[in-house]
Structures are given as structure tokens and as C-alpha cells.
**Student:** 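Handing you a structure now.
Note that the structure is predicted; figures quoted are calculated from it, not measured. When a ligand or atom number is given, it counts from 1 through the structure's own listing order. These numbers come from the heavy atoms of this one structure, side chains and all, not from hydrogens, waters or symmetry mates.
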Amino acid sequence: MSFPLVCLGNPLLDMQINVDKTYLDKYGLKENDAILVEPHQMPIFDECLSNPSLKLVAGGAAQNTARGAQYLLPKDSVVYFGSVGNDKYAEKLIEANRSVGLRTEYMVQSDHSTGKCAALINGNNRSLATDLGAANEFKPEHLLKPENWKLIEAAKFFYIGGFHLTVSPEAIKLLGEHAAKTNKVFALNFSAPFIPQFFKDPLDQVIPYTDYVICNESEADSYAKSHDLDTTDLKEIAKSIAKLTKVNTKRDRVVIFTQGLDPTLSVTYKIEKNEFEIKEYPVHPLETSKIVDTNGAGDAFAAGFMAGLVEGNDLDQSIDMGQWLAALSIQEVGPSYPFPKKSYK
Ligand code: 26A
């Protein structure tokens with residue numbers, strides 16, 4: 001049995017509630033952001049638990065992508081690695097993964113509880129505040145266990161949540177080196193503006209392994225600022241990322257920026273010709289009244305996109321699959337996908 005796609009990230013349970021701007025202001029949170037909680041923000045979780053609008057949903061950015069890709073692909077296509085506690089929250093995550101047939105290979109911590117993310121919904125915005133808990137304890141040794149390394153050797157595609165740069169850059173490098181050495185596809189999502197801002201060094205160490213870089217416009221902007229690019233032009237930012245040093249020169253690097261309702265941008269740096277290919281893709285129109293919440297929209301895009309690559313589709317079609325799945329996911333509560341299953345055609 002071989003699973004073509006391996007994903008790595010921080011498994012979290014999302015505690016999703018509706019809030020207003022005053023609530024976000026009270027904790028110094030932006031309307032659309034993702035952060036690691038500081039001690040003064042810890043009361044948010046108890047406040048979530050006692051909020052009547054509370055919905056507990058499986059989260060963790062790369063795990064959402066893994067679930068979404070398996071949702072679209074044939075049985076036994078995706079494996080997800082991350083670290084959880086031995087508790088009810090982990091059971092809930094395993095259950096959600098099982099519902100789409102995602103293979104879950106968690107490292108289980110006996111002395112930490114499963115990570116949680118307060119997903120604070122304010123209209124079409126979402127502010128994410130995370131307490132990583134057990135997710136923060138992931139170690140590369142888990143990947144090196146013979147039964148897990150076998151899965152990695154059998155895989156052909158890797159998808160890494162940039163959020164994991166806060167946990168184990170070593171684990172990411174291990175997969176990156178393997179992918180480069182064996183000419184397999186390695187994709188990285190920047191995940192949040194704080195990653196290029198505060199985890200610049202580990203990010204810079206991992207980018208050389210990437211064949212695909214996926215992020216949204218505010219993460220691209222944060223990258224430009226932290227790397228002194230001196231531009232806010234998204235095409236220019238994408239070009240400089242696309243042209244960065246690359247370990248595996250058998251594949252061109254493709255940089256993909258989503259921009260909410262604005263067109264998705266792709267910039268490919270063609271190594272042999274030393275030129276860029278720039279494309280734009282309008283998003284799938286969706287009436288605003290159909291939007292339930294935007295938590296997980298970017299993860300769903302990445303899921304559809306990765307599923308497209310695994311199926312052997314070209315860039316245009318894979319991006320279209322990403323946009324299609326993102327539009328489905330924002331019509332569900334949290335980072336979820338509709339049942340009965342819809343299939344992309
Ligand atoms: C390290 N941090 C902050 C995080 C996250 C995260 N996933 C991994 N690491 N902060 C928020 N998320 C997840 O992002 C999804 C939406 O894109 C949330 O759990 C949510 O499901």
C-alpha cells in the first residue's frame with residue numbers, strides 16, 4: 001500500500017465562536033490573523049468553552065489540507081504526521097480524519113494535552129489564537145521510525161504547514177532533503193504573517209527545498225517586509241521567492257499567492273530558460289450569502305491544489321481544484337468539507 005501524499009503539521013482542535021470587534025480588541029487581536037497565544041490571552045479558551053455559539057471542529061492548518069486532499073483523492077492517498085495528547089480532543093481529530101479516510105500517524109504525548117485553536121469568527125473574518133500543547137512536542141525521530149519512514153519513502157509528494165516551523169524545522173528539513181534527493185515534490189505553505197516575520201531564519205533554511213510555495217497576500221507582504229524587498233507588488237514578491245536558491249534543480253519553483261476574492265497569482269521561475277511565467281486565475285464566484293465562515297479557506301485551497309498535483313494535473317487545473325474546494329469549504333462550519341461528497345469535474 002502506498003500513500004502518494006505525506007503532510008506534516010500541528011494537529012489542533014478548533015474552538016470556534018462568534019465574536020465582535022470589541023472582544024478581539026480586549027485581547028489585542030487583529031480581525032484576520034493567526035497567532036500563538038501569550039499568557040494574558042489564555043482565558044480566551046475558557047471563554048470559548050462557555051460561549052453558546054461554540055463549535056468544536058478538527059483544525060490544524062496542514063491537517064485540514066490533508067483531510068481535504070484525501071476527501072478528493074482515491075482511498076489510501078494521504079498520510080498526516082503531527083503530535084497530540086492522549087485525550088478526548090485527539091479522539092475527535094482522529095474521528096474527523098477517519099471520516100474522509102485520512103491515515104493519521106500521530107506522535108502521542110503522555111504529559112501534554114492536544115493543542116487547541118480559538119477560531120474567533122467576526123463576519124467573514126477569522127482570528128486564530130493557538131495554544132500548541134502537545135503539537136509543540138513533535139520530533140523528527142517520529143518520522144525516522146522504520147514504519148513511518150517506509151511511508152515517506154513510498155510517497156511522491158510532501159506538503160508542509162509553515163506553522164510547523166515554530167515546532168520542528170529539523171523535521172521539515174529531513175523531508176525536504178529526502179524530497180530533493182529523490183526528485184519528489186515538496187510544497188510549503190507560509191501559513192501566517194508571523195512566520196516570515198518571526199521565523200525568518202528557519203523559513204529561509206527550508207525554502208531551498210521547495211518546489212511549490214503557497215501563501216496569501218498578507219503572508220506575501222510580511223515576507224517582503226522581513227526580507228527588505230522594498231516592494232508591495234505581489235508579482236515582484238513572488239518573483240523573488242521563485243528565484244531563490246533551489247536544491248533540486250530538476251523542478252522549477254512555482255509560487256502561488258491567493259488573495260481572497262481577488263485572482264490567484266502564480267509565478268514560475270523556469271530555471272533552464274532563466275525566465276518567469278506569470279499567470280492569474282479569477283476565483284470561483286460565490287454569493288456572499290452562502291459564506292458560513294472563512295476558517296480553513298486557505299487550507300482547502302492547498303488541499304484541492306495538492307490533490308490536483310497528485311492526480312497528475314497541470315498547474316492551471318490544480319489551481320482551479322484549489323479554488324473549487326476553497327469555495328466548498330467556506331460554505332461549511334470551520335475547516336470542513338461537505339457530505340455527501342462532491343466531486344470535482
Ligand atoms: C502554530 N500555529 C499558530 C498554528 C495554527 C494553526 N495550525 C497550526 N499551527 N494556528 C491556527 N491554525 C489552524 O489554522 C486553521 C485555519 O487555517 C487552525 O487550527 C485552523 O483550523
**Student:** Where is the nearest protein heavy atom to atom 21 (O) of ligand 1: which residue, which atom, and how far?
**Tutor:**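 The closest heavy atom on the protein side is Asp14 OD2, 2.5 Å.
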**Student:** Look only at interatomic distance and state if Pro335 has a nitrogen or oxygen under 3.5 Å from any nitrogen or oxygen of ligand 1.
**Tutor:**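 In fact, backbone or side chain, Pro335 has no N or O that close.
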**Student:** Decide whether the shortest distance between a heavy atom of Gly296 and an atom of ligand 1 is less than 4.0 Å.
**Tutor:**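 It does; at least one heavy atom falls under 4.0 Å.
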**Student:** Does Gly60 have a heavy atom less than 4.0 Å from any atom of ligand 1?
**Tutor:**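 The answer is yes: ligand 1 sits under 4.0 Å from a heavy atom of Gly60.
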**Student:** With atoms numbered from 1 as shown, which atoms in ligand 1 lie under 4.0 angstrom from a non-hydrogen atom of Asn295?
**Tutor:**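 Numbered from 1, ligand 1 contributes 15 (C), 16 (C), 20 (C), 21 (O).
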**Student:** May I ask you to identify the nearest protein heavy atom to atom 8 (C) of ligand 1, giving residue, atom name and distance to one decimal place in Å?
**Tutor:**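 I find the closest protein heavy atom is Phe163 CD1, 3.3 Å.
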**Student:** Can a salt bridge be assigned to the pair Lys270 and Glu272 using a cut-off of 4.0 Å between side-chain N and carboxylate O?
**Tutor:**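 No salt bridge links Lys270 with Glu272.
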**Student:** For the pair Glu236 and Lys239, find out whether any cationic side-chain nitrogen is under 4.0 Å from an anionic carboxylate oxygen.
**Tutor:**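 So Glu236 pairs with Lys239 through a salt bridge.
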**Student:** So Asp20 and Asn122, side-chain hydrogen bond (donor to acceptor under 3.5 Å, both in side chains) or not? Walk me through it.
**Tutor:** CA-CA 6 Å; Asp20 55 20; Asn122 170 23; over 6 Å; no
**Student:** May I ask you to identify, for Asn64, whether its side chain, its backbone, both or neither come under 4.0 Å of ligand 1 on a heavy-atom basis?
**Tutor:**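 Under 4.0 Å from ligand 1, Asn64 contributes side-chain atoms alone.
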**Student:** Should the pair His142 and Phe81 be assigned to parallel (<30°), tilted (30 to 60°) or perpendicular (>60°) ring geometry?
**Tutor:**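 Perpendicular: the ring planes of His142 and Phe81 meet at over 60°.
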**Student:** Less than 4.0 Å between a side-chain N and a carboxylate O, is that true for Asp211 and Lys246?
**Tutor:**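 Result for this pair is yes, salt bridge flagged.
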**Student:** Nearest 0.5 Å, what's the OG-OH distance between Ser329 and Tyr71?
**Tutor:**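 One gets 10.0 Å once the value is rounded to the nearest 0.5 Å.
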**Student:** Nearest non-hydrogen contact with atom 7 (N) of ligand 1 belongs to which option: Ala61, Ala135, Ser329, Ala297?
**Tutor:**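 Closest candidate by heavy-atom distance is Ala61.
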**Student:** Near Gly59, which atoms of ligand 1 are under 4.0 Å from a heavy atom of that residue?
**Tutor:**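 Answer for ligand 1: 19 (O), 21 (O).
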**Student:** Of Val37, Thr130, Leu165, Asp299, which has the heavy atom at the shortest distance from atom 10 (N) of ligand 1?
**Tutor:**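 Going through Val37, Thr130, Leu165, Asp299 one by one, Thr130 has the nearest heavy atom to atom 10 (N) of ligand 1.
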**Student:** Calculate, to the nearest 0.5 Å, the distance between atoms CG and CG belonging to Leu102 and Leu73 respectively.
**Tutor:**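 Leu102 CG to Leu73 CG: 11.0 Å, rounded to 0.5 Å.
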**Student:** Is the ring pair Tyr269/Phe276 parallel, tilted or perpendicular, if the boundaries are 30 and 60 degrees?
**Tutor:**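 Judged by the thresholds at 30° and 60°, the geometry between Tyr269 and Phe276 is tilted.
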**Student:** I need the atoms of ligand 1 closer than 4.0 Å to a non-hydrogen atom of Ile35, numbered in the order shown.
**Tutor:**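 Ligand 1 atoms under the 4.0 Å threshold to Ile35: 3 (C).
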**Student:** Does the structure place the NZ or CZ of Lys116 under 6.0 Å from the centre of the six-membered ring of Phe45, at an angle of no more than 45° from the ring's axis?
**Tutor:**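 Pair Lys116/Phe45 counts as cation-pi.
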**Student:** Examine Asn10 against ligand 1 and note whether any of their N/O atoms are separated by less than 3.5 Å.
**Tutor:**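 Such a contact does occur with ligand 1.
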**Student:** Any idea which atoms of ligand 1 are less than 4.0 Å away from a heavy-atom of Cys117?
**Tutor:**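 By the 4.0 Å cutoff, the relevant atoms are 11 (C), 18 (C), 19 (O).
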**Student:** With heavy atoms of Leu36 as the reference, note each atom of ligand 1 found under 4.0 Å away.
**Tutor:**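 Matching atoms, with element in brackets: 1 (C), 3 (C).
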